Protein chains: 2
Amino acid sequence: MPNSRSTPLDTTAVRRRNLSAVLDLVHRRRGVTRADLTRALGLNRSTIGDLVGVLVAHGWVDERDDQTRSGVGRPSPLVVTRDRWLVAAINPELDVIDVALVSLGGEIVARRRTFVERPSAATAVEVAARVVRELSAEHPQATVLAAGVAVPGLVRRGDGCVRLAPRLGWRDEPLAEALREALGMPAAAANDAHLGSRAELTFGAGQGAASVLYLNGGPSGIGGGIVVDGRPVEGSAGYAGEIGHLSVDPRGIACACGAHGCLEALVPRAALTAAVGLAHPDDDELDAALQQAVTAEGDATGPVSSIVREQLGWLSIALRSVVNLLNPERIVLGGHLAALWRASSADDRAASLAEALPVTATDVRIEVAALGAQRLLIGAAELAWDGLIADPTEVVPLEAAGASAS
Amino acid sequence: MPNSRSTPLDTTAVRRRNLSAVLDLVHRRRGVTRADLTRALGLNRSTIGDLVGVLVAHGWVDERDDQTRSGVGRPSPLVVTRDRWLVAAINPELDVIDVALVSLGGEIVARRRTFVERPSAATAVEVAARVVRELSAEHPQATVLAAGVAVPGLVRRGDGCVRLAPRLGWRDEPLAEALREALGMPAAAANDAHLGSRAELTFGAGQGAASVLYLNGGPSGIGGGIVVDGRPVEGSAGYAGEIGHLSVDPRGIACACGAHGCLEALVPRAALTAAVGLAHPDDDELDAALQQAVTAEGDATGPVSSIVREQLGWLSIALRSVVNLLNPERIVLGGHLAALWRASSADDRAASLAEALPVTATDVRIEVAALGAQRLLIGAAELAWDGLIADPTEVVPLEAAGASAS
DNA sequence: AGTATTTGTTGGTGCGCACAACCTATCACG
DNA sequence: CGTGATAGGTTGTGCGCACCAACAAATACT
């Protein structure tokens, strides 16, 4: 049943939701006092005490004294994340399969990069499953409960089927299902830019904002993630956020997607790397080189500055459209778009939203992504955490938690 | 607290939510059997019986035998909307203030159009309040509980302040507040296109879809409403949905907003009315005249057909961008965009999403708005219903309902 | 040391929903 | 036209959960 104002609830849903709300807050803040929880959630002190007790019993969190705090009144114990339960985060790329174990609070506990040239989906699943088992064995005190995959391509909502990943040459691969079988645990897959935006929203440059627009520039194009009222926008089938294929110039050059004048065709990373004369820089190297080149030129008419300026111009047109369309609170730029932004002059940056509607544009903050190279793994972990945080007592029966917890 | 996975609940929230869910379903379907409710909401039969009983006691709904149904088993009573409680819907326009009383189920019970040339906000509030009282007096068996206003302009989220309504010449008018005071009841205001999209979503061409993109073309421009996963997208401050100010051609002509190449600058209603030689046609007249002109020409190179074709071209560019960005399930076109769509050739229509990403474009259904001239009033009523349906027992104490009912 | 302040703890209360058993109304079929 | 099957409303019981109020504990201020 779509578009209903509210879904019905039963009595057990109350407990589930409240446990979930507490755990979620501990997750995003990595440490909260019980007093904080009562204030933030508006529940009764005794209720919070009870809920935290349940989470402790199930091995999700620990309680300990809060040294740092001071002030009148009885000190409130700090509720902190624990490494008893982990999730696996997986990011298959052109020549490497990146796997990590991530704890509650989004911290990477272990990470291993395995080099494989253009893996098939089957190979990727196999390698990922093996590495997850290896890393898991190296952390015997912890248990991995679920997995999330960040895929550079279009992933169908619901079943996590990769409809198209041009960079990897995948087409209609039931990735999440295969991984679920190979690992014997819940697994989910989603577009990498979507997950990047989730990571930035929860732990990075999007923190505190309710509606965020995230644009990431990579070697194969520009992807994006949209967050509205705190919820990621997936679109009806999961393919939302393709900001790279916004039409920016109807008479523009052809794009790999078959259309003309797409943003990603007009603002390619390759143009920037070529301008600074680097073959395969990572994002940090590109960022540094661009800044250096622009300062060296000193003048906005220099060759590198001109390219930066031209690209920023196209980006501004896209930003203007999307700002008018979605009225976001914050825009987060990642990858080469971050480098482009930082290399642009203050004037050009200030002018980037000059053509957007004033009421909308004045309150938008444009920021550079904060999470760097771990972004996709953290985002993939968030995806895996979703189901667990939504129902913390279902996934981990009390006996299991009690049995191996000292 | 923004972007949290779930908000906490208390025990009373269960009742509230379930009452709200039942009432909402009756509202959108205008008549549901108790058996339907049990199935749709997944609650126990006894619970549904109880909830319906409460709604009946508070004067929201009636129960009566369902004549139409047939089949084995005990017949289930039909839960139907009642006219005991109404909301006021208000739509101030350039030269008329349109006021209606709307019942649960979105049906217009009474409507009065009052002609006023370019009213100030104060005048509009005064006239609206007077007309609401008049209509209210003509329906003594009913009570008006809340009001909603559809404003042709940018309305701030939260307080319903009209930041800018160029057509009316309003600027920073605290409309909702003024109306709340004048009427002595809750009042809310929102952008007219947003409310149009809500009306189409609930009762019109958007029914059944969870993510809908709505574009409406009027004499003063193109507005839009976005619905994602069943929820209207307002943006951080309420100004989302300005599809008319999507950049479609960076070298295009200047728009009233100060930018260049906005969709609404390139697809003006005036061009179509001029092409068919009508001065001030309403949407239906324009639609009929366009269809007639195009069929008369027979040929795609005729003058009217050319204009239609050119406008559809620009519209297609905008649709392509937004489809790639939001992956909607359905697109609903209203006003002159509906006329434009219907006057276009089948080939041109089929080609309109040719440049969008195939996975996204194949499942999009493009439809023409279904609700006609009542759309904005129904949408404004929806806005007013929001608060009432969210908490049906709070607004109407039992005594009040019992006292004047029966 | 005494008081004010903040917070955790405990037992009692109310309430909403699930469940099961029972009752009722219709249809189908011989 | 009666009997069985089917669908669905009705009633009473029990459980779970959050709230509340009073109490206990741990700090800071004077």
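Just so it is clear, the structure is predicted and the values come from calculations on it, not from any experiment. Order of the sequence lines sets the chain letters (A, B, ...), proteins ahead of strands, with each chain counted from 1.
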Once hydrogens and angles are ignored, does a donor-acceptor distance under 3.5 Å link the base of dC19(C) to the side chain of S46(B)?
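Under the 3.5 Å cut-off, the side chain and the base do form a donor-acceptor pair.
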Identify whether the distance between the nearest side-chain nitrogen and carboxylate oxygen of D159(B) and R180(B) falls below 4.0 Å.
no
Salt-bridged, E394(A) to R16(A), with N to O below 4.0 Å?
no
Should the ring pair W385(A) and H27(A) be called parallel, tilted or perpendicular, given that the plane angle runs from 0 to 90° and is split at 30 and 60?
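Rings of W385(A) and H27(A): tilted, as their planes differ by 30° to 60°.
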Rounded to the nearest angstrom, tell me the gap between atom [atom1] in [X] and atom [atom2] in [N].
| X | N | atom1 | atom2 | result |
| --- | --- | --- | --- | --- |
| L9(A) | dG16(D) | CG | P | 18 Å |
| R34(A) | dT9(C) | CZ | C1' | 9 Å |
| R16(A) | dA18(D) | CZ | C1' | 16 Å |
| D65(B) | dT24(C) | CG | P | 16 Å |
| I48(A) | dT7(C) | CD1 | P | 13 Å |
| L51(B) | dT10(D) | CG | C1' | 15 Å |
| D50(B) | dG8(D) | CG | P | 19 Å |
| E63(B) | dG9(D) | CD | C1' | 10 Å |

Closest to the [X] side chain, choosing from [options]:
| X | options | value |
| --- | --- | --- |
| R74(A) | dC17(C), dG14(C), dA24(D) | dA24(D) |
| T47(B) | dC19(D), dA18(C), dT26(C) | dA18(C) |
| R15(B) | dG9(D), dC17(D), dC17(C) | dC17(C) |
| P75(B) | dT26(C), dC19(C), dG8(D) | dT26(C) |
| V72(A) | dG8(C), dC29(D), dC17(C) | dC29(D) |
| R45(A) | dA26(D), dA22(D), dG9(D) | dA22(D) |
| V14(A) | dC19(C), dT9(C), dA18(D) | dA18(D) |
| D10(A) | dT26(C), dT10(C), dA18(C) | dA18(C) |

On the nucleotide dG9(D), are OP1 or OP2 found under 4.0 Å from the side-chain N or O atoms that S76(B) carries?
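Yes, within the criterion.
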Sugar-phosphate only, base, or nothing, as touched by N18(B) at under 4.0 Å among non-hydrogen atoms:
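Since only primed, P, OP1 and OP2 atoms lie under 4.0 Å of N18(B), the category is sugar-phosphate.
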Could you check whether L43(A) gets within reach of a base, just the sugar-phosphate, or nothing at all, counting any heavy atom under 4.0 Å?
sugar-phosphate
Decide yes or no on side-chain contact (heavy atoms from CB on, under 4.5 Å) for L86(A) and V109(A), but give the supporting numbers first.
CA-CA 9 Å; L86(A) 302 177; V109(A) 170; 4.0 Å; yes
Within the 3.5 Å criterion, strictly below it, is a donor on R84(A) or S103(A) matched to an acceptor on the partner's side chain?
no
